[in-house]
Amino acid sequence: MPEHLQQAARRRHDQAMARATDALRELSSAGQPVTFASVARKAGLSTDFLYKHGDLRRKIEDLRTTAGHHSAGRDTTPAEQPTTSSAVRALSTQLKEIRSRHHAEMLELRQALAAAHGENLTLRREIAQLRPL
């Protein structure tokens with residue numbers, strides 16, 4: 001297959017995966033039922049696409065199970081509870097980066113404040129020397 005067609009197919013696939021992930025996140029955060037049909041409808045995809053991609057399939061099954069929507073004949077035990085989803089991991093990583101930037105900004109501001117206090121003290125001393133007693 002020509003390179004440009006492979007790239008176009010990859011882009012379509014990536015966009016479909018992003019739409020599916022966004023739909024999962026939106027349905028889950030809104031407290032709406034997470035099923036293959038609801039995710040497919042929300043993302044504008046076929047349920048076949050969701051079933052064929054193991055990571056999406058597992059996420060949907062995990063969210064469906066945690067939301068109390070058990071698949072037919074499948075009960076989960078506490079040992080089968082889903083692990084942290086990729087959305088939670090991504091948000092945790094983003095939060096760590098934000099905290100790191102915040103810490104760096106606070107350090108920079110504290111240093112600037114200390115320098116301003118030093119300049120203020122120097123100016124007060126100069127003013128005191130210029131005033132007649």
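Every value quoted in this text rests on a predicted model; they were computed, and no experiment measured them.
- For the salt bridge (charged side-chain N to carboxylate O under 4.0 Å, His left out) test, no residue two or more places apart in sequence or in another chain qualifies with D55.
- Salt bridge present: K52 and D48 bring a charged side-chain N and a carboxylate O closer than 4.0 Å.
- Within the structure, every pair that satisfies the side-chain hydrogen bond (donor to acceptor under 3.5 Å, both in side chains) test and touches residues 2-21, not counting sequence neighbours, is listed here: E3-Q7, R10-H13, R10-D14, H13-H53.
- When all heavy atoms of L45 and A20 are compared, the closest pair comes out as CD1-CB, 3.8 Å.
- Between A40 and S46, the shortest heavy-atom contact is CB-C, 4.0 Å.
- Remark: K96 pairs with no residue by the salt bridge (charged side-chain N to carboxylate O under 4.0 Å, His left out) rule, at least two apart or across chains.
- Across every non-hydrogen atom of S38 and P33, the tightest pair is OG-O, 3.1 Å.
- Between the side chain of T47 and the main chain of F36, no donor-acceptor pair closer than 3.5 Å is present.
- For R41, the salt bridge (charged side-chain N to carboxylate O under 4.0 Å, His left out) test picks out no residue, with sequence neighbours left out.
- Following chains of ILVMFWY side-chain contacts shorter than 4.5 Å, one can reach V34 starting from Y51, so the two form part of one hydrophobic cluster.
- Residues passing the side chain to side chain contact (heavy atoms under 4.5 Å, CB included) test with R110 are M106, sequence neighbours excluded.
- Here CG of L24 is found 11.5 Å from NZ of K42. Values are rounded to the nearest 0.5 Å.
- A salt bridge does not link E105 with R101: none of the charged nitrogens is closer than 4.0 Å to a carboxylate oxygen.
- A donor-acceptor pair is defined here as one N or O able to donate and one able to accept, closer than 3.5 Å; such a pair exists between the side chain of S29 and the backbone of R25.
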For a salt bridge (Lys or Arg N to Asp or Glu O under 4.0 Å) check, start with the C-alpha distance between D62 and K59, then their side-chain angles and the critical distance, and finish with the verdict.
CA-CA 5 Å; D62 289 344; K59 287 177 189 178; over 6 Å; no
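- Residue pairs meeting the side-chain hydrogen bond (donor to acceptor under 3.5 Å, both in side chains) criterion with at least one member in residues 111-130: none, sequence neighbours excluded.
- Of all heavy-atom pairs between S28 and L63, the closest is OG-CD2, 3.8 Å.
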